[in-house]
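Each remark here refers to the structure printed beneath this line.
Bear in mind that the values here come from a model prediction, so they are computed numbers and not experimental data. Below, read A as the first sequence line, B as the second, and so on, with proteins coming before strands; counting in each chain starts at 1.
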Amino acid sequence: MRLSVKAEEVATFYGRMLDHEYTTKEVFRKNFFNDWRKEMTAEEREVIKSLDKCDFTEIHRYFVDKAAARRVLTREEKQKLKEEAEKLQQEFGYCILDGHREKIGNFKTEPPGLFRGRGDHPKMGMLKRRVMPEDVVINCSRDSKIPKPPAGHQWKEVRSDNTVMWLAAWTESIQNSIKYVMLNPCSKLKGEKAWQKFETARRLRGFVDEIRSQYRADWKSQEMKTRQRAVALYFIDKLALRAGNEKEDGEAADTVGCCSLRVEHVQLHPEADGCQHVVEFDFPGKDSIRYYNRVPVEKPVYKNLQLFMKNKDPQDDLFDRLTTTSLNKHLHELMDGLTAKVFRTYNASVTLQEQLRALTRAEDSIAAKILSYNRANRAVAILCNHQRATSSTFEKSMQNLQTKIQVKKEQVAEARAELRKARAEHKAQGDGKSGSVLEKKRRLLEKLQEQLAWLSVQATDKEENKQVALSTSKLNYLDPRISIAWCKRFRVPVEKIYSKTQRERFAWALAMAGEDFEF
DNA sequence: GTCTGGACTTAGGATTGTGGTT
DNA sequence: AACCACAATCCTAAGTCCAGAC
């Protein structure tokens with residue numbers, strides 16, 4: 001069936017996703033079909049009444065072929081595409097801020113498509129509309145070269161607000177929230193903000209002992225509200241839980257954080273795993289990532305939880321007298337600039353520093369030091385519950401690595417035998433030629449042993465990292481100055497820890513952290 | 001207090017780039 | 001040159017937190 005242009009475009013959004021799990025989900029299909037029908041002409045709507053009877057395979061094949069065609073382009077053609085993208089980046093990807101040319105993060109508006117909400121999102125599959133110039137607000141100084149809208153179009157508004165960071169904004173059609181064009185993390189402005197964030201977290205170090213003893217005292221408060229706040233704060237501090245703002249139901253997936261925990265998300269065990277007073281957490285957190293943890297807690301916490309759960313239904317709020325606003329208000333009184341999320345930053349960075357101290361040995365090889373670093377990083381990622389899906393190729397690539405290790409082991413054994421032989425020969429002949437052969441064999445063995453060590457480090461790292469995502473903590477929670485100081489102290493090239501973009505993002509830290517930086 | 005809109009950070013998955021192997 | 005695996009980067013959803021209105 002030949003479709004009208006509008007209906008066809010929306011059909012292609014679905015067709016190109018055909019091999020994605022989304023298209024098997026009832027909610028996705030229902031929302032898509034509903035929005036698709038809105039784009040149809042009256043005649044089309046007459047004919048197309050059931051998604052089950054629509055066949056998108058031709059559309060799907062078109063995109064598969066297109067992707068394949070892209071893959072087989074010649075080197076020159078690929079080079080040309082790259083240059084075109086670079087030209088676009090140069091023209092639109094930068095702005096002038098306070099007289100400096102700064103890289104923009106997202107300089108393109110988001111293309112139209114089908115909304116891909118995470119978890120059980122009630123709006124998945126809905127049509128995300130194309131952004132038109134008429135939707136876009138431009139923010140730049142009055143005396144600057146104001147960007148021109150495309151021919152025949154106008155901006156929604158041009159304003160000059162120097163109290164905000166965004167350069168352009170539009171309202172997105174799914175949640176009616178605002179999307180922004182902002183600077184790249186390598187920009188001076190973003191760098192300063194990150195630095196400020198870590199400085200706030202460092203300041204918490206000076207207050208944390210006092211705060212901890214206070215919330216312990218508050219576990220026995222007369223006021224229910226204070227007790228709830230004190231137990232919640234304990235979780236935020238000890239378990240690095242997120243604040244947990246309330247969400248409008250029906251608008252997003254059902255996920256929770258600390259303050260929004262419900263009775264159904266915790267189970268109390270008087271005794272478990274050989275410990276007393278164990279709390280079992282099981283709830284969907286941000287991005288619907290499961291948080292599952294069994295932790296022994298101090299007795300007053302346990303008793304309080306029993307009290308908070310008494311006479312409540314599973315769906316009731318655990319902390320019914322607590323909101324993120326009231327918690328943060330309390331935190332503000334304890335320290336200037338203190339909010340719930342500062343505890344995550346603080347505990348993440350402190351954990352990294354402690355773990356690095358405990359794990360690194362000066363006499364280790366660079367490879368072993370990097371494994372230690374990754375393990376320290378991993379401790380943080382586990383604390384913050386940063387997960388990733390196990391890649392579909394994990395088992396296979398692990399197997400490949402094991403094979404490589406086996407081959408390398410055999411090579412080492414062989415090299416060792418040859419070295420022995422060369423040594424015997426040199427002893428018998430004692431001339432310069434047999435001496436240089438001996439030296440060569442010795443070097444070969446050394447090199448192979450090094451390679452073997454590196455491979456087995458990789459294998460250990462890989463296995464331990466199967467379901468743990470290190471990048472989120474590395475980019476957002478770990479004060480980069482800790483890592484840089486560690487690199488300097490233990491003579492590890494910083495490129496082994498931070499990629500090029502990461503070094504640009506953390507340029508501010510590279511410039512200021514010496515080897516004795518302490519968080 | 002409570003609600004809402006706004007601005008910003010944090011997050012995992014998707015896509016792209018790279019370097020080694022076949 | 002084609003292919004593959006992994007790392008790096010991009011994308012944008014989903015959080016946090018604040019200010020202002022009532």
Output the rounded distance in Å from [atom1] ([X]) to [atom2] ([N]).
X: A:L322; N: B:dG1; atom1: CG; atom2: P; value: 13 Å
X: A:L114; N: C:dT12; atom1: CG; atom2: C1'; value: 15 Å
X: A:Q387; N: B:dA11; atom1: CD; atom2: C1'; value: 12 Å
X: A:Q196; N: B:dT9; atom1: CD; atom2: C1'; value: 13 Å
X: A:H386; N: C:dA14; atom1: NE2; atom2: P; value: 16 Å
X: A:I104; N: B:dC8; atom1: CD1; atom2: C1'; value: 17 Å
X: A:K103; N: C:dT9; atom1: NZ; atom2: C1'; value: 10 Å
X: A:M182; N: B:dT9; atom1: CE; atom2: C1'; value: 9 Å

Donor on one side chain, acceptor on other, [X] and [Y], under 3.5 Å:
X: A:Q228; Y: A:D320; answer: yes
X: A:N465; Y: A:N374; answer: no
X: A:R29; Y: A:Y14; answer: yes
X: A:Q214; Y: A:E210; answer: no
X: A:Y292; Y: A:N385; answer: no
X: A:E172; Y: A:S177; answer: yes
X: A:N377; Y: A:S473; answer: yes

Run the side-chain donor-acceptor check on residues 199-206 of chain A: report pairs under 3.5 Å with partners two or more places apart or on a different chain.
| residue | atom | partner | partner atom | Å |
| --- | --- | --- | --- | --- |
| A:E199 | OE2 | A:R202 | NH1 | 3.1 |
| A:E199 | OE2 | A:R481 | NH1 | 2.9 |
| A:E199 | OE2 | A:R481 | NH2 | 2.6 |
| A:T200 | OG1 | A:Q196 | O | 3.0 |
| A:R202 | NH2 | A:E518 | O | 2.7 |
| A:R203 | NH1 | A:D336 | O | 3.1 |
| A:R203 | NH2 | A:D336 | O | 3.2 |
| A:R205 | NH1 | A:F519 | O | 2.6 |

Under-4.0 Å side-chain N/O to phosphate OP1/OP2 contact, [X] with [N]:
X: A:K329; N: B:dG1; answer: no
X: A:Y477; N: B:dA11; answer: yes
X: A:H121; N: C:dA13; answer: no

Does [X] reach a base, just sugar-phosphate, or nothing at all? Heavy atoms under 4.0 Å.
X: A:P185; value: nothing
X: A:K128; value: sugar-phosphate
X: A:R118; value: base
X: A:A194; value: nothing
X: A:R344; value: sugar-phosphate

If you count every heavy atom of other residues, nucleotides or ligands that lies below 6.0 Å from A:E157 atom CD, does the total exceed 12?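 Result for CD/A:E157: enclosed.
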Ion pair present between A:K188 and A:E192, side-chain N to carboxylate O less than 4.0 angstrom?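 Looking at A:E192 together with A:K188, the answer is yes, because their closest N to O distance falls below 4.0 Å.
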N-O pairing of A:K87 and A:E91 below 4.0 Å: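 Salt bridge: no.
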Residues of residues 469-476 of chain A with any non-hydrogen atom less than 4.0 angstrom from an atom of DNA chain B: list those, numerically ordered, please.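 A:T472, A:N476, in order of number.
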A:H386 ring center near A:Y477 ring center (under 6.0 Å):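 They qualify: ring centres under 6.0 Å apart.
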Letter per nucleotide, 5' to 3', of nucleotides 15-20 of chain C [B base touched, S only sugar-phosphate touched, - untouched; heavy atoms, 4.0 Å]: SBBS--
Taking side chain to side chain contact (heavy atoms under 4.5 Å, CB included) as the test, write out the residues that go with A:E21, two or more places apart.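 Partners of A:E21 under the side chain to side chain contact (heavy atoms under 4.5 Å, CB included) test: A:T24, A:K25.
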Please list, chain by chain and in numerical order, all residues satisfying side chain to side chain contact (heavy atoms under 4.5 Å, CB included) with A:T226, sequence neighbours excluded.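 Once residues adjacent in sequence are excluded, the partners of A:T226 under the side chain to side chain contact (heavy atoms under 4.5 Å, CB included) criterion are A:D218, A:S221, A:E223, A:R229.
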Among C:dA13, B:dG13, B:dT9, which nucleotide sits nearest the side chain of A:F115?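 Side chain of A:F115 sits closest to C:dA13.
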Between A:T109 and A:S499, who's closer to the 5' end of DNA chain C by nearest nucleotide?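 Looking at DNA chain C, the more 5' nearest nucleotide goes with A:S499.
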Which residue lies more 5' along DNA chain B, comparing A:E248 with A:K197 via nearest heavy atoms: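 So the residue in question is A:E248.
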Can you list, by residue number, the residues of residues 86-97 of chain A that have a non-hydrogen atom closer than 4.0 angstrom to DNA chain C?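 By residue number: none to list.
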DNA chain C contacts made by residues 156-180 of chain A, counting heavy atoms under 4.0 Å: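 Only A:Q175, A:K179 qualify.
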Hey, what are the protein-to-nucleotides 14-21 of chain B N/O distances that come in under 3.5 Å?
| residue | atom | partner | partner atom | Å |
| --- | --- | --- | --- | --- |
| B:dA14 | OP1 | A:H20 | NE2 | 2.9 |

For A:T255, side-chain hydrogen bond (donor to acceptor under 3.5 Å, both in side chains) partners two or more places apart: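 side-chain hydrogen bond (donor to acceptor under 3.5 Å, both in side chains) check on A:T255 returns A:K247.
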side-chain hydrogen bond (donor to acceptor under 3.5 Å, both in side chains) partners of A:E354, counting only residues at least two apart: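 Residues passing side-chain hydrogen bond (donor to acceptor under 3.5 Å, both in side chains) with A:E354: none at all.
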Salt bridge (Lys or Arg N to Asp or Glu O under 4.0 Å) contacts touching residues 257-266 of chain A (sequence neighbours left out):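 Checked against salt bridge (Lys or Arg N to Asp or Glu O under 4.0 Å) - neighbours excluded - the pairs reaching residues 257-266 of chain A are A:D254-A:R262, A:R262-A:E264.
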Would you tabulate the side-chain donor-acceptor contacts of residues 116-129 of chain A under 3.5 Å, counting partners in other chains and residues two or more places apart, or write 'none'?
| residue | atom | partner | partner atom | Å |
| --- | --- | --- | --- | --- |
| A:R118 | NH1 | A:D287 | OD1 | 2.6 |
| A:H121 | NE2 | A:E251 | O | 3.2 |
| A:K123 | NZ | A:I174 | O | 3.0 |
| A:K123 | NZ | A:E251 | OE1 | 3.0 |
| A:K128 | NZ | A:E110 | OE1 | 3.0 |

